[in-house]
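Proteins come first, then strands; the chains are lettered A, B, ... in the order of their sequence lines, and each starts at number 1.
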2 protein chains.
Amino acid sequence: MNEKPDVNTKDALLSAAMEVFADKGFDAATVRDICGRANANVAAVNYHFGGKDALYGAVLEEIFPKEEHLTVEPDTSRSPEEHLHDYLTAMSSEIYDRGNGMVTQRWAIFLREMAKPSHNLDFIVQRQVQPRASELRAILAKILGPDVPDHILAFSSSNIWSLMLDHLLTQPILDRLKPKRPMVQGNMEGFVKHIFTFSLGGLNAVKESTKG
Amino acid sequence: MNEKPDVNTKDALLSAAMEVFADKGFDAATVRDICGRANANVAAVNYHFGGKDALYGAVLEEIFPKEEHLTVEPDTSRSPEEHLHDYLTAMSSEIYDRGNGMVTQRWAIFLREMAKPSHNLDFIVQRQVQPRASELRAILAKILGPDVPDHILAFSSSNIWSLMLDHLLTQPILDRLKPKRPMVQGNMEGFVKHIFTFSLGGLNAVKESTKG
DNA sequence: GAGAAATTCAAACAACTGTTTGAATGCAAT
DNA sequence: ATTGCATTCAAACAGTTGTTTGAATTTCTC
């Protein structure tokens, strides 16, 4: 019956929950921790959201907003290769941008759900992955041409997706490897330049191999 | 299914723990669940291992055995490219072999630790990743030649590593995407052939780009 | 300002966690 | 048979979890 015009404990709870869920994961996060950070009583979560699960749902709704717009606006004056470069630039800078708290939390939660899928993964895929994946697939279809089989297109699409996510997943590993591996942060341009070159080389090789 | 040929409850506990830890992860796994599957008393874990943490440590020790041998025996008669192909074949068939329970559990636990690193990740990296990563790095160094900078070599190494792990991580995502993405299981040859072509094309492109 | 509704709060709840306890049991050597 | 040790077991422990309760307090409405 009543929208909240004033910022109050409900918003504070949501904000704190985003922090904790991203940091600890759903299971390890405790409502007491969340309420503590929000300066709220333990019962506040159940009063305002109905429970821990519902709160997590509200966080997902907040952190994976509906987005109609494409990652990269289609520009007919640019080649598919340039289009791919724009796409890689946009996606990488979002994935590895540690400046925006909510975006960081988004990918942290995404990673957690990938490693241990819950029923919420359907929602996340629909909101976060599906549009971006379709966009990439369209770009690759142009680069690879009409003769490439569907499963090759799917494999390639998955490959490039994993090249972008690479350091998001493997940073904890890379940090423990010798010799020391470089981080993406602070070298974004170099990273994008590299995966663009690598991807394009891979795509062309795949395209060639399907001609024979 | 409840017949216990195991005269040793300690072994039964270890075996059950491998199952549960791989399936649920450390936090969500309960000693009661483990003891139940092992037909053992709840106190058995503490008696035989000293606690849940120590049991997890024992599981890691069992599931990530010391391996001195290389993934692919070096064969001077083969080119670096063929060497890479052998490496990709060996690694992929291990990662995606759902036949061997322990190997499946190994990668499940590895994935969990990657998404939510604990202090045990150091051990896992040292046992599981470091030797394989060094091996791959050596192969790539030969393919890319001596002129390629270190950070490019590191990036490329990480790239190919992530291409192999790709479907292990993203299968839950791919299952929820439209159009349906192909699985690796049942198409191992096609998968390896693809990532080999893609990788080699990417590597050559990277090598070319460093010449200018 | 009175009354009603919405919100906060301390406290308790019930279920679950890993762990401990101390008695009962099994078993091999004497 | 008895001793001594290793193992099992039911029960309880102490702590944490999400959730509920019912009274106190604030906020809003008239």
message: Students often mix this up, so state it plainly: with edges at 30° and 60°, are the rings of Phe26(B) and Tyr56(B) parallel, tilted or perpendicular?
response: tilted
message: Could you tell me how far apart Lys10(B) (NZ) and dT7(D) (P) are, to the nearest whole angstrom?
response: 9 Å
message: So if I take every side-chain heavy atom of Tyr47(B) and compare against dT8(D), dT17(D), dT19(C), which nucleotide ends up nearest?
response: dT8(D)
message: Mind checking if Ala29(B) touches a base, just sugar-phosphate, or nothing, with heavy atoms under 4.0 Å?
response: sugar-phosphate
query: Between dG18(C), dG18(D), dT20(D), which nucleotide has the shortest distance from any of its atoms to the side chain of Asn46(A)?
result: dT20(D)
message: I want to confirm an ordering. Mapping Asn39(A) and Gly50(B) to their closest nucleotides on DNA chain C, which one lands closer to the 5' end?
response: Asn39(A)
- request: Measure from CZ on Phe26(A) to C1' on dT17(D) and round the result to the nearest Å.
  value: 12 Å
query: Can you find a side chain N or O atom of Thr9(B) that sits less than 4.0 Å from OP1 or OP2 on dT8(D)?
result: yes
- prompt: When the distance from NZ of Lys52(B) to P of dT16(D) is rounded to whole Å, what number comes out?
  reply: 15 Å
Backbone N/O of Lys24(A) and side chain of Lys116(B): donor-acceptor pair under 3.5 Å: yes
message: Measure CD1/Ile34(B) against P/dT17(C) and give the value in whole Å, please.
response: 11 Å
- request: Give a yes/no on whether any side-chain N or O of His48(B) is located under 4.0 angstrom from OP1 or OP2 of dA6(D).
  value: no
message: In this structure, how many angstroms lie between the C1' atom of dT17(C) and the CG atom of Asp27(B), rounded?
response: 12 Å
field: Phe49(B) CZ - dA6(D) C1' separation (whole Å)
entry: 16 Å
Candidate nucleotides dG18(C), dT19(D), dT19(C), ranked by approach to the side chain of Thr30(B) - the nearest: dG18(C)
- prompt: OP1, OP2 of dA10(D) versus side-chain N and O of Asn41(B): anything below 4.0 Å?
  reply: yes
message: I'd like to know whether Phe191(B) forms a side-chain contact (heavy atoms from CB on, under 4.5 Å) with Met164(B), so could you lay out the CA-CA distance, the side-chain angles of the two residues, the decisive distance to 0.1 Å, and finally the verdict.
response: CA-CA 9 Å; Phe191(B) 175 75; Met164(B) 290 187 301; 5.8 Å; no
query: Over how many whole Å does the gap from Asp53(B) atom CG to dT17(C) atom P extend?
result: 16 Å
- request: Identify which nucleotide among dA10(D), dA10(C), dG18(D) has an atom closest to any side-chain atom of Ala43(A), counting heavy atoms from C-beta outward.
  value: dA10(C)
query: Do Asp122(A) and Gln126(A) have side-chain atoms, one donor and one acceptor, less than 3.5 Å apart?
result: no
field: Spacing between Asp33(B) atom CG and dC16(C) atom C1', to the nearest angstrom
entry: 13 Å
- request: Could you walk me through whether His194(A) and Ser209(B) pass the side-chain contact (heavy atoms from CB on, under 4.5 Å) test, one step at a time?
  value: CA-CA 9 Å; His194(A) 174 80; Ser209(B) 76; over 6 Å; no
task: Identify whether any heavy atom of Ala28(A) sits under 4.0 Å from a base atom; if not, whether one sits that close to sugar-phosphate; answer base, sugar-phosphate or nothing.
output: nothing
